[in-house]
Each structure stands twice: as structure tokens, then as C-alpha cells.
Amino acid sequence: MQIEKIDIGIIGAGPAGLSAGLALAMNGHKPIIFEEHSVVGIPVQCGEGISDKVFLDFPILKDNRGFLLRKFKNTKIYFPGNYAVFGDTHAYMIMRDKFDQFLAKHVERSGGRILTNSRVIDVTEKKGGVQIEIEKEGKRQLFLSSILLIAEGPKANIAKKLGFETPEMIRALEYRIQGEFSDTMEFYFDNEKYPFGYCWIFPRKEETNVGIVTTAKNRKEILDNFLKERNISGKIIKKIGGAIPKKGIVKRLATEKIALLGDTGGFANPLFYGGIRNAMFSGKIVADIINMQLKNREKIDLRIFEKEVRKHPFTSEISIKCHNYFYTSSVKFQEKIGKLFNETYINRIENKEILKYLLKLATNPTLIKNPRKLYLLYKGFKLARDYGF
Ligand SMILES: Cc1cc2nc3c(=O)[nH]c(=O)nc-3n(C[C@H](O)[C@H](O)[C@H](O)COP(=O)(O)OP(=O)(O)OC[C@H]3O[C@@H](n4cnc5c(N)ncnc54)[C@H](O)[C@@H]3O)c2cc1C
């Protein structure tokens, strides 16, 4: 079989692979993205809510309104007892298929290639690079790439084959329902009802995505009950499900020639489990490293990716600690947090008001027992708000 020599191979045309491809192609390189599906962005497996922080790394997204459904100015976070804490979170509702397709169009316009219907079936590290074997329309093809970025999503089959640790996952289930049932992004936390997760209501236009992410096995039953409790009775027009990284990035993210991006590397926020922004962050960081090494005519070594990633507040241990603490705390505790900040824009609390909350805390033995943990909670939510979720 003939081997085509390439410089940069990328497995997967999701947000991680596409953003790496885009940032490389825009710098004059010619990455090739292998995608097993026939159309980029389909099937959609996403709640379609994204933080506006994606625009920081990819200003090109700002110019497009084709994939945007609506802009949210705030978020409501519900706690047990129906207490709602508000936040000025700037986020968007997108059409995820159109979003991925927009990125793909710009990869190609900038000189990258996307090979659809091309499933990577094997990868072998060789002396001259990484050999990639694909199956396209029933035929096998071989490529020899100087470097390989693995952005194959949560399945992480190729990464596993190469001996990388795969991230711990949590499962999500979502219905797209006719009708609008909210005007903000809504999250419903309750550690008894939705262990290690939450239910969400994200309105599109004339339709709403309602979903659950949890470790509970009977998530369908729980989600159906949630719909009943919220009196959501529109027609379900689509059901999707999938896995999301649960507790942050894996221990080893790269070798000299290979790096793991997006869900494959565990890049999702450990509190809200959003993965688009984090996947794109991983793609941008690795592309910046490659662009720099090629510009300086250095030997490509992707091991620095790990170090660069861990420098960022995104991957801070605080988020994991916050995950561990928040998702193992009692419903009573969650209720008290909700009550304390009920109907408050948490980010707008000014210095003079802090005293009021400290006083309320002082009279609440359950909350005041462990101030360090409370601080962790504050930091974890703040990180998600400031850097994207
Ligand atoms: C139900 C649900 C709701 C979610 N809601 C949100 C949300 O509202 N906001 C948010 O930010 N995140 C959400 N997420 C998480 C988010 O969708 C992912 O974190 C994000 O898609 C990760 O991007 P990625 O590029 O790493 O992987 P993916 O988007 O999974 O892309 C991987 C790509 O690789 C391709 N591929 C896989 N194997 C191969 C192979 N061997 N050869 C060739 N191609 C291959 C796949 O076809 C796919 O196109 C949700 C997840 C689920 C399951």
C-alpha cells in the first residue's frame, strides 16, 4: 500500500480537532483532519450552550451569526428547595452542527484539508513519524505524519490503543422539546436526585434542550420526572446521549509526536461538564506550540503541551477539588447555599454587602463549619464563569 507523507494529522473534526486545524492552517500550515462521519457536525451530541470565552481564542467566530441562536446575559442556578442563585454569565446558544461546520469551512479556506468518511482504524509510532491507517469507502489508506493530534472525542479508542490513560466519564441524556420553557440558561443541582450532576434547561428558538448529566443509571426516568415537575410537556423531537469527561485532564497528555485534545484528553469543566470551550482551548494551545516550533525551525516536541496546559487556570486543581466537595456534599448543605444567596446575582455582591453574608454565615453552623471548603466552592464556580464552562 502506498503511503502519503503529511506534516500534521488530526483525528476528529469536532471542536478540538477543528480549532487546532484552524489555528495551524491560519499560520500557513496544511493539517489534514480525518473524520469518520460523512458530514462535519452531524450527529449533534450537545446541549449547545457555550461560554462567550470561545471568542477570546477564536475572534473569527465573532463575525458569524449563522450558528448563533441567542445570547444569554445571565444564568439561573437552582438548588434544592427551589432557591435560585443568579449569575451574569455571558453565554450563547448555538446550533452545534452549524458551529462545527463554520470552523471546518475556515480550516479549508485557510489551506487545511478535511477528509470525511475517513475512519482512523490504526495508528503506529514509527521512526519517521506516526503511521495512520484509515478506512475510506471500504478502502484502506496509509499516511505517515510528522505529528498526530488525537481529538476523537470521548470514545478515545485510538488513544487507548496507544497506551494513553482515558478520562473518567459521566453520562448525559438530552431531549430537544418543542416550545420555549425559559429565557435563561438554567441549571438544577440536587445531589440526591441527580448524583454528581444536574439537569439543564437551555432554550433554543421555539425549541428547548432539556437534559441531565449524572452518575445515576436510571437517568431517563429521572429526566422524565424532571419534565413532569417543571410542567414541560412539549413534543420531544430528538433524543441524544453521550459521555463527558468527569474529573479533568488525564495524567499524560502528550509524547514527542502525539498529543491528546478535547474530550479525549479530559478537557471538560469538572463542575458544569461543558466541553466545547475547553476542547477549543486545548486545540489553540497545541497549535500555538507547533506554530512556534516550526517558525523557530526547532525540532517538534509536543511534550511541552502538557506543561503549557497545566499553567492555565482552566486546569487548576481547584476545579477538581470543588467538584469533589460540591458533588459529595449533602442536599441540606446545597439547600443552605441556595437559601443564603437566593435571588442574588452572586457576581454583583459588592464589598459592603459581603459583611451581610458573613453575618448570615456566622449564624449558620452547617455552613461555617468548614470555611476553606466554602472558599473552594466560590473559587470553582468563579473559575467556570471567568474562563468558560
Ligand atoms: C448530551 C450532551 C450534552 C452536552 N452539552 C454541552 C453543552 O451544552 N456545552 C458544552 O460546552 N459541552 C457540552 N457537551 C460536551 C461537548 O459536546 C464535548 O465536550 C465536545 O464536543 C468535545 O469536543 P471534541 O472535539 O473533543 O470531541 P467531539 O465533539 O466528540 O468530536 C470528535 C470527532 O472525532 C470523530 N472521530 C471519532 N473517532 C474517530 C476515528 N477513529 N476516525 C475519524 N474520526 C473519528 C467523531 O466523529 C467526532 O466528529 C455535551 C455532551 C453531551 C454528551
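Computed from a predicted model, the values in this text were never measured in an experiment. In listed order, ligands and their atoms are each counted from 1. For reference, positions follow the sequence shown, starting with 1.
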Atom 43 (C) of ligand 1: closest protein heavy atom, distance to 0.1 Å, is Glu36 N, 3.3 Å
Have Asn117 and His37 got a donor and an acceptor in their side chains that come within less than 3.5 Å?
no
If you compare Arg171, Gln45, Glu48, Arg96 by their heavy atoms, the one closest to atom 29 (O) of ligand 1 turns out to be Arg96
Fill in: salt bridge (charged side-chain N to carboxylate O under 4.0 Å, His left out) between Asp224 and Lys220, intermediate numbers included
CA-CA 6 Å; Asp224 291 342; Lys220 184 182 175 312; 2.7 Å; yes
Do Ala16 and ligand 1 have an N or O pair less than 3.5 Å apart? yes
Between Met185 and the options Trp200, Tyr92, Phe202, the side chain to side chain contact (heavy atoms under 4.5 Å, CB included) test singles out Phe202
Note to self: Taking only non-hydrogen atoms of Ser118, do any sit less than 4.0 angstrom from ligand 1?
What the structure shows: yes
Q | Output field: ring centroids Phe314/Phe267 closer than 6.0 Å | A | no
protein heavy-atom neighbour closest to atom 23 (O) of ligand 1 works out as Pro15 CD, 3.4 Å
Ranked by distance from atom 12 (N) of ligand 1, the top protein heavy atom is Gly275 N, 3.0 Å
Note: Asp100, heavy atoms under 4.0 Å from ligand 1, region reported as neither
Q) With a 4.0 Å cut-off on heavy atoms, does Ala268 reach ligand 1? A) no
Original post:
Is any side-chain N of the basic residue among Glu108 and Arg113 closer than 4.0 Å to the acidic one's carboxylate O?
Top reply: no
If we number the atoms of ligand 1 from 1 as shown, the ones under 4.0 Å from a heavy atom of Phe202 are 8 (O)
Residues 230-254 vs salt bridge (charged side-chain N to carboxylate O under 4.0 Å, His left out), sequence neighbours excluded, gives Glu168-Lys246
Discussion item. Could you check whether Phe86 and Phe341 have their ring centres less than 6.0 Å apart?
Written reply: no
Filtering Ile33, Ile134, Asp263, Asn269 for the heavy atom nearest atom 26 (O) of ligand 1 leaves Asp263
Looking at Gly388, Gly266, Ser19, Gly47, the heavy atom closest to atom 5 (N) of ligand 1 belongs to Gly47
Between Tyr83 and Tyr78, is the ring centre distance below 6.0 Å?
no
Ligand 1 atoms nearer than 4.0 angstrom to some heavy atom of Gly242 are 53 (C)
Here the atoms of ligand 1 under 4.0 Å from any heavy atom belonging to His37 are 47 (O)
So the atoms of ligand 1 within less than 4.0 Å of a heavy atom of Ala151 turn out to be 32 (C), 33 (C), 34 (O)
For Gly153, the ligand 1 atoms with a heavy-atom partner under 4.0 Å come out as 27 (O), 30 (O), 32 (C)
Below the 3.5 angstrom mark, is there an N/O of Ala172, backbone or side chain, next to an N/O of ligand 1? no
* How about Glu298: does its CD atom have over 12 heavy atoms from other parts shown lying under 6.0 Å from it? -> yes
for atom 41 (N) of ligand 1, nearest protein heavy atom and its distance come out as Val120 O, 3.1 Å
Paired with Glu48, the salt bridge (Lys or Arg N to Asp or Glu O under 4.0 Å) test is passed by just one of Arg96, Arg204, Arg70, namely Arg204
If you scan protein heavy atoms around atom 51 (C) of ligand 1, the nearest is Ile244 CD1, 3.4 Å
Donor + acceptor pair across side chains of Asp88, Tyr345 (<3.5 Å): no
Glu35-ligand 1 polar pair, N/O distance under 3.5 Å
yes
Checklist entry - Can you find an N/O atom of Ile276 closer than 3.5 Å to an N/O atom of ligand 1? => result yes
So the atoms of ligand 1 within less than 4.0 Å of a heavy atom of Gly262 turn out to be 26 (O)
Residue pairs passing the ring-ring contact (aromatic ring centres under 6.0 Å, His included) test with at least one member in residues 104-136, sequence neighbours excluded, are Phe102-His106
Note: ligand 1 atoms sitting under 4.0 Å from heavy atoms of Pro154 are 30 (O)
So the atoms of ligand 1 within less than 4.0 Å of a heavy atom of Gly49 turn out to be 7 (C), 8 (O), 9 (N), 10 (C), 11 (O)
